[in-house]
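Have a look at the structure below before the remarks.
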Number of protein chains: 2
Amino acid sequence: MKLTTRGRYAVTAMLDLALHGKDGPISLADISSRQDISLSYLEQLFAKLRRGELVSSVRGPGGGYRLSRSEEAINVADIIDAVNESTDATNCGGKGICQNGEMCLTHHLWDDLSTQIHLFLSGISLAQLTRKEHVQSICERQDGHESAANNPQNLIETETVNA
Amino acid sequence: MKLTTRGRYAVTAMLDLALHGKDGPISLADISSRQDISLSYLEQLFAKLRRGELVSSVRGPGGGYRLSRSEEAINVADIIDAVNESTDATNCGGKGICQNGEMCLTHHLWDDLSTQIHLFLSGISLAQLTRKEHVQSICERQDGHESAANNPQNLIETETVNA
DNA sequence: TATTTACTTGACTAAAAGAGTGGGTTATTT
DNA sequence: AAATAACCCACTCTTTTAGTCAAGTAAATA
């Protein structure tokens, strides 16, 4: 089992996409500023998410990413798998060769745990997450911060933005 | 969530102790040879297990470690906690300060996952593990290997061992 | 067609964590 | 006293993470 910021960032970014991508693609710059994740790092993550066919990209001005399937059809385990983190808790990749090619004493335990974790995470879809109350309130807070914090030039040069 | 060889080794070693420690303490050297875990590494782990009051030690010849409570009263989560791995899957230690001091979009998800994992692991005691069929058969295999593989000098100098 | 905007790729790196080693000390038994 | 085994500490090697940087490609607009 390996769950680090990589997997967490990926899920957070995908949830952001689910929340904001109703009408049109979302740029990584937007996600970056809302979620405080470095743009370059997001690019790496989305390269993997795209290879995993969880998102599709639209190039050019006004482009960005959108979910490649419905929110209901994407679960958390999908996302974590796509960015190369695994829900496998064994040391041998589930192969049972943990002690000199033979099975170690606790192999089955970790195997069971893996199943458990995967079951839990694959039972949670993006759609479910977007419906949660605390997710919605955090989302609103982030939308509030965003315009003020990340586009301070708006206050001066409104024309270039609206042109 | 952090589950690495450290936690896995600790559980394996504790299970070995449960399986072999019925009559008297077990030395780390024995566990090391049966489970293929470096002796020095085991010493580190058992220092933590002792601080966590999961094992007690007996020094001197014939000494070793024994479980400090019954097999029924020690569960897998206890062991993993003791060696400083955690079942916490959040990035903020469960505090909810994951995004500049405020809560990130997916905090609750990781919090729920942590609960789930902890629930699962704390529901499995050493006693339960020792009763599993596959554990018993692996244990027998290891007991067979042990004498031949790790004491080749027995074949030559039987006296020093039996003296 | 030139430019803008945005995605793509890959190399690179600093810092942290993991895994393991080695040397020496202390306590206990034989 | 000698052997055994726990105890303690410092250190190293390797891998992974998290993130940066730079150059490039593709699409849309003006």
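We name chains A, B, ... by the order of the sequence lines, and we start the count at 1 in each one. Not measured: the values here are computed from a predicted model.
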Fill in: 5' precedence on DNA chain D between B:Ala29 and A:Gly7 (nearest-nucleotide basis)
B:Ala29
Worksheet entry | Under 3.5 Å donor-acceptor pair, B:Gln44 side-chain atoms to C:dT21 base atoms | yes
Practice prompt. Please check if the side chain of A:Ser32 supplies one atom and the backbone of A:Leu28 the other of a donor-acceptor pair under 3.5 Å.
Written response: no
Worksheet, complete the sentence: Side-chain contact check for B:Arg50: nearest option of D:dC8, C:dT8, C:dA19 is D:dC8
Worksheet entry | Between P of C:dT21 and CG of B:Leu28, the distance in whole Å | 15 Å
Item to complete: Measure from CZ on A:Arg6 to C1' on C:dA16 and round the result to the nearest Å.
Response: 15 Å
Worksheet item: Counting side-chain heavy atoms from CB outward, which of C:dT29, D:dG19, C:dT4 is closest to A:Pro61?
Response: C:dT4
Worksheet, complete the sentence: From CD1 of B:Ile26 across to C1' of D:dA6 the rounded distance in Å is 15 Å
Worksheet item: Got a salt bridge between A:Glu71 and A:Lys22, using NZ or NE/NH1/NH2 to carboxylate O under 4.0 Å?
Response: yes
Worksheet item: In whole angstrom, what separates A:Phe46's CZ from C:dG10's P?
Response: 19 Å
Worksheet item: Among D:dA6, D:dT20, C:dG18, which nucleotide sits nearest the side chain of B:Thr4?
Response: C:dG18
Fill in: Sugar-phosphate, base or nothing in reach of A:Ser38, heavy atoms under 4.0 Å
sugar-phosphate
Response to the item:
B:Ser27 has its side chain closest, among D:dA27, D:dA5, C:dA19, to D:dA5
Worksheet item: For the side chain of B:Glu43 and the base of D:dC8, is some donor closer than 3.5 Å to an acceptor across the two?
Response: yes
Discussion item. Please report the distance, rounded to the nearest Å, between OH in A:Tyr41 and C1' in C:dA14.
Written reply: 14 Å
Worksheet entry | For atom OH of A:Tyr65 and atom C1' of C:dT5, their distance in whole Å | 13 Å
